[in-house]
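What you see below is based on every heavy atom in this structure, not just the backbone, and it leaves out hydrogens, waters and symmetry mates.
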Amino acid sequence: MDYRSTKTGEKSAPSLALRPVQRLTAAIAVNQSATVAGSVFLQASVANATRCHPFDSGANLSTAPALVTYSLPVGPTSTPTVAPVAAPAAALCSAFRKKTSRVNSLSSQHLNLLDSGRRLSAASIWQRQTEFYESVGIDAWRGSVPSRITTSSYIARTYARCIAAYIADTGAQQVLIVEGGAGHGRFGYLCIQHLQELQQAGLMGDAQWQYVLTDIAERNITFWQEHEGLAPLIQSEVADVARFAAGDSDLTLRQTRRTVTADNASQHVVVIGNYFFDSLPIDVFRTEGDQLLECLPRITQTADSDEPDWEWEQRPVTDTAYADASLEHLVQHFSHHVRDGCFTIPTAGCRVLSDVRSWATDGMLLLAADKGYRHMDELHNRPLPTAIPHGGCYSFSVNFPAIAEWFQQQQGQAFVSAHDAPVVHVTAFAAAGDCPLQNLRREYHHGVSDFNPGEFHQLSRRWQDDSEVALSRCLSLLRLSGHDALVFYHLRRHIRRALPTADSAQRRALTAALPLIERRYFHWGTDDIPFAIGHLWEKLGHPSDAVRLYELSLRLFEDHPTTLCNLARCHVQMDRPDAALEFAARALQLKPDSSTAAGLLQQLERGARPTAM
C-alpha cells in the first residue's frame, strides 16, 4: 500500500516547487534591471488551449474608424492547458509584471505613452519580452507560459518521422537540426530519443545529424548544460547548445565550438519552431477596398495596470513598404489577395529563415506548431490583431500563408493540414531544390494532417479526466503517446487500481512499457514521476527496479516518509535487512507521528518480515 495520501494513495505535491537556490536566484534576477540590445529569437506559447482567437474581436473593418482601440486582458483569458504547478514561479511572473509596470510608468499615476508612430516590429514590447525570458528563465513555463502540447513525446515522434522522411527524400548525409526558442528543453530531449530510435531501426540512412537547442536566455542554456538528461547528450556531441537572436547571421555552438555561417555551412538544416513565430516581431497591414493601410500601434499603460492598452493608427501606404525585396513581395502579394482584411508580415521570422537558409548548402526543412491562419481566405475581413499577454511576454497569431509564400519564393514546398485542427496547427515547409519530397508528403499526410498533436492532446486529456479507465485503454494510450511520461503520470491512478485484476498479458505489456516511460522522463516540473514508476515496479514484483526509481525520487524531490517506507519494504524483499532498517528509521525521523513508519520499524527490529501493504 502507498501511504502518500490516505485517499488517493499518493503523496501531496512537493512543498518545494522550486529548490531554495532556484527561488533565490530567480528572485534576484527579477529584481535586477536588465537592458538587452538587439532583436528577439525566443520561444513563447499560447496561454491556454481554449482561449479566444486573437483576431476574433474588434470592429467590422468595413466601418472601422482610423483609430481602433482594444483593451488587453490582465492575463490569460481562461484556464491554461498546463495549470501552474509552482506557486513561486507564478509569483515570479507577477513580480516581473509589477516591476516592469513600475519602470514603464516612471512611478506616475497618469497615462504613460510607451509606443506611438512606429511599426509594431519596432515597439518596446519586444524589449520587455526579452527581459522577461532572461530574468525568469525556465520558470516562465512553471508559471504563465504553457508548453505541454508542443513538448509532448507524441509531437516529438511526429517531427522525428518527418525528419527521417526528409532525409530519405534528399539523401542527406549531414543534417543540422536547430530548435528555436527551446525553452526548458523537454521537446529537444524527446526528439533526440525518437531520432535515435529511428536510426537504430535503420530508418535514417547513413545521415550524420546533430541537434542544437537555442534560446535568447542564457539561464535556459545553463539549465540545459546542467540537466542530467541533456548534459550527457551535449557532452557526447549528439546535441549542442547556442544563444541565438533574430538578426544574428551565425550560430556558435558551445560544446563543439563550431561556428555555423554561410561560409561554414551544413549540407541540410532542419529548423524546429514550436510556439516560436507567434512571438517574433511582426508588422500589421490592412486592405480597405483598393487601399493599403499600415497599422501602427499606440501603446499606453498606467501605474496600476499590469498590461498596457493598445490602439491602432492606420495610415495609407503611398510608397513601397520595405526596402527588403522579399518583405515587399509579401506586402504586395497579400494586398492583392486579401479583401478588406488585416494581415501581418513576419519581419523577424523572415529574417531568421533567410539567415538559416544560408547555413545550408543543399536544403532546409522547417517544422512549426503554432496558433494562426493556414489559408489566405481566412484573412478576408479580419479585424486588427490583439496581443495575447503571458505574464511578461506576448504572442500573435501566425500568418502561415506568408511563411508558405516565402518558401515558394525559394522554390520550396508547403505542407499545411487540410482540416482545421484544434489549438495549434502543425506545418512543414521545405526548400530542397527539385526534390519532390514524396516521403515527407506521405509522412505529413498520415502523421499530421490525419491526426494533429492538438487532437491527441484533447483525446488524452479526456481519458485522463475520466473517473474510470480500463487498463487496456491506458496501455493503448501510452503506446499512442510515444510512452509520454506526463501522460503516464495522469493515468497512474487508473493503472494502479486496475493492476490487481490485470491478466498476465496486461502485466507483461506494462512491464515492457515502464522502461520506455522512464526513458521519456525529463525532470523540470514538480510531478514526482519517478516515484509513480517505482511504485508500479514494486506492485509488479520488481523490487530492484523500484529501488532505483525510489532513490531517483529522493534525489530529485527530497526525502518523503512514504518513499522511505516503500524503499524499506523493497529491501526486505531483496534480503537486505540493514538497508530496510535504515530507511524505516529515516522515515520515522522525518515524520515522528507516522504510524506506518513506526509499525514498519518495530517489525524490522523484531526480525519479522513486514506484512504486505
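For Glu237, there are no salt bridge (Lys or Arg N to Asp or Glu O under 4.0 Å) partners at least two apart in sequence or on another chain. Applying the ring-ring contact (aromatic ring centres under 6.0 Å, His included) criterion to His227, with sequence neighbours excluded, gives Phe223, Phe522. Scanning for side-chain hydrogen bond (donor to acceptor under 3.5 Å, both in side chains) contacts around Arg258 gives Ser266, with sequence neighbours left out. Take His542 and apply the side-chain hydrogen bond (donor to acceptor under 3.5 Å, both in side chains) test, not counting sequence neighbours, and it matches no residue. Partners of Glu443 under the salt bridge (Lys or Arg N to Asp or Glu O under 4.0 Å) rule, at least two apart in sequence or in another chain, do not exist in this structure. Evaluation of the side-chain hydrogen bond (donor to acceptor under 3.5 Å, both in side chains) rule for Arg161 yields no partner, not counting sequence neighbours. In terms of the ring-ring contact (aromatic ring centres under 6.0 Å, His included) criterion, residue partners of Trp359 (sequence neighbours excluded) are, by chain and number, Phe244. Residues passing the salt bridge (Lys or Arg N to Asp or Glu O under 4.0 Å) test with Glu218, sequence neighbours excluded: Arg254. Qualifying ring-ring contact (aromatic ring centres under 6.0 Å, His included) partners for Tyr211, counting only residues two or more places apart in sequence or in other chains: none. Considering only residues two or more places apart in sequence or on other chains, His268 meets the side-chain hydrogen bond (donor to acceptor under 3.5 Å, both in side chains) condition with Tyr166. Listed by chain and residue number, nothing satisfies the salt bridge (Lys or Arg N to Asp or Glu O under 4.0 Å) test with Asp240 (two or more places apart in sequence, or in another chain).
Distance alone, capped at 3.5 Å, places no donor-acceptor pair between the Thr256 side chain and the Leu253 backbone.
More than 12 heavy atoms of other residues, nucleotides or ligands lie within 6.0 Å of CD in Glu551, so this atom counts as buried by the packing criterion.
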Practice problem: Determine, stepwise, if the pair Thr151 / Leu190 fulfils side chain to side chain contact (heavy atoms under 4.5 Å, CB included). | Solution: CA-CA 8 Å; Thr151 63; Leu190 293 173; 5.9 Å; no

Practice problem: Verify side chain to side chain contact (heavy atoms under 4.5 Å, CB included) between Thr259 and Leu251, making sure each step is shown before the conclusion. | Solution: CA-CA 6 Å; Thr259 299; Leu251 187 72; over 6 Å; no

Quiz item: Between Asp559 and Arg586, does a salt bridge (Lys or Arg N to Asp or Glu O under 4.0 Å) hold up when you go through it step by step?
Solution: CA-CA 9 Å; Asp559 283 4; Arg586 282 173 57 184; 3.0 Å; yes

Exercise. Check the pair Ile177 / Leu195 against side chain to side chain contact (heavy atoms under 4.5 Å, CB included), numbers first and verdict last.
Key: CA-CA 11 Å; Ile177 305 168; Leu195 287 168; 3.6 Å; yes

Exercise. Using the side-chain hydrogen bond (donor to acceptor under 3.5 Å, both in side chains) rule, take Arg219 and Tyr133 through it: C-alpha gap first, then chi angles, then the decisive distance, then the call.
Key: CA-CA 9 Å; Arg219 294 181 62 178; Tyr133 278 105; over 6 Å; no

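Between Gly183 and Asp215, the shortest heavy-atom distance links the atoms N-OD2, 3.1 Å. Leu440 and Cys162 make their closest contact through CD1-O, 3.7 Å (heavy atoms, listed as atom of the first residue, atom of the second, distance). Shortest non-hydrogen contact noted between Asp370 and Phe277 is OD2-N, 3.5 Å. Across Pro530 and Phe557, no two heavy atoms sit closer than the pair CD-CE1, 4.0 Å. For Ile533 against Leu514, the heavy-atom pair with the smallest separation is CG2-CD2, 4.2 Å. Heavy-atom minimum distance, Ala485 versus Ile529: O-CD1, 3.8 Å.
Put simply, the side chain of Phe451 reaches to within 4.5 Å of the side chain of Phe456, judged on heavy atoms.
Aromatic ring centroids of Phe488 and Tyr521 lie 6.0 Å or more apart. Between Phe531 and Tyr550, the distance from one ring center to the other falls under 6.0 angstrom.
With a 6.0 Å cutoff to the six-membered ring centre and a 45° limit on the axis angle, Arg186 does not count as a cation-pi contact of Tyr189.
For residues 268-277, there are no salt bridge (Lys or Arg N to Asp or Glu O under 4.0 Å) pairs, not counting sequence neighbours.
Between Glu197 and Arg157, none of the side-chain N atoms (NZ, or NE/NH1/NH2) sits under 4.0 Å from a carboxylate O, so this pair counts as no salt bridge. By the 4.0 Å N-to-carboxylate-O rule, Glu582 lies too far from Arg576 to be salt-bridged with it. Using a 4.0 Å cut-off between charged side-chain N and carboxylate O, Asp278 and Lys371 make a salt bridge.
Only one option out of Asp362, Thr170, Thr361 pairs with Gln267 in a side chain to side chain donor-acceptor pair (under 3.5 Å); it is Asp362. When the options His194, His483, Arg519 are evaluated for a side chain to side chain donor-acceptor pair (under 3.5 Å) with Ser153, the one that passes is His194.
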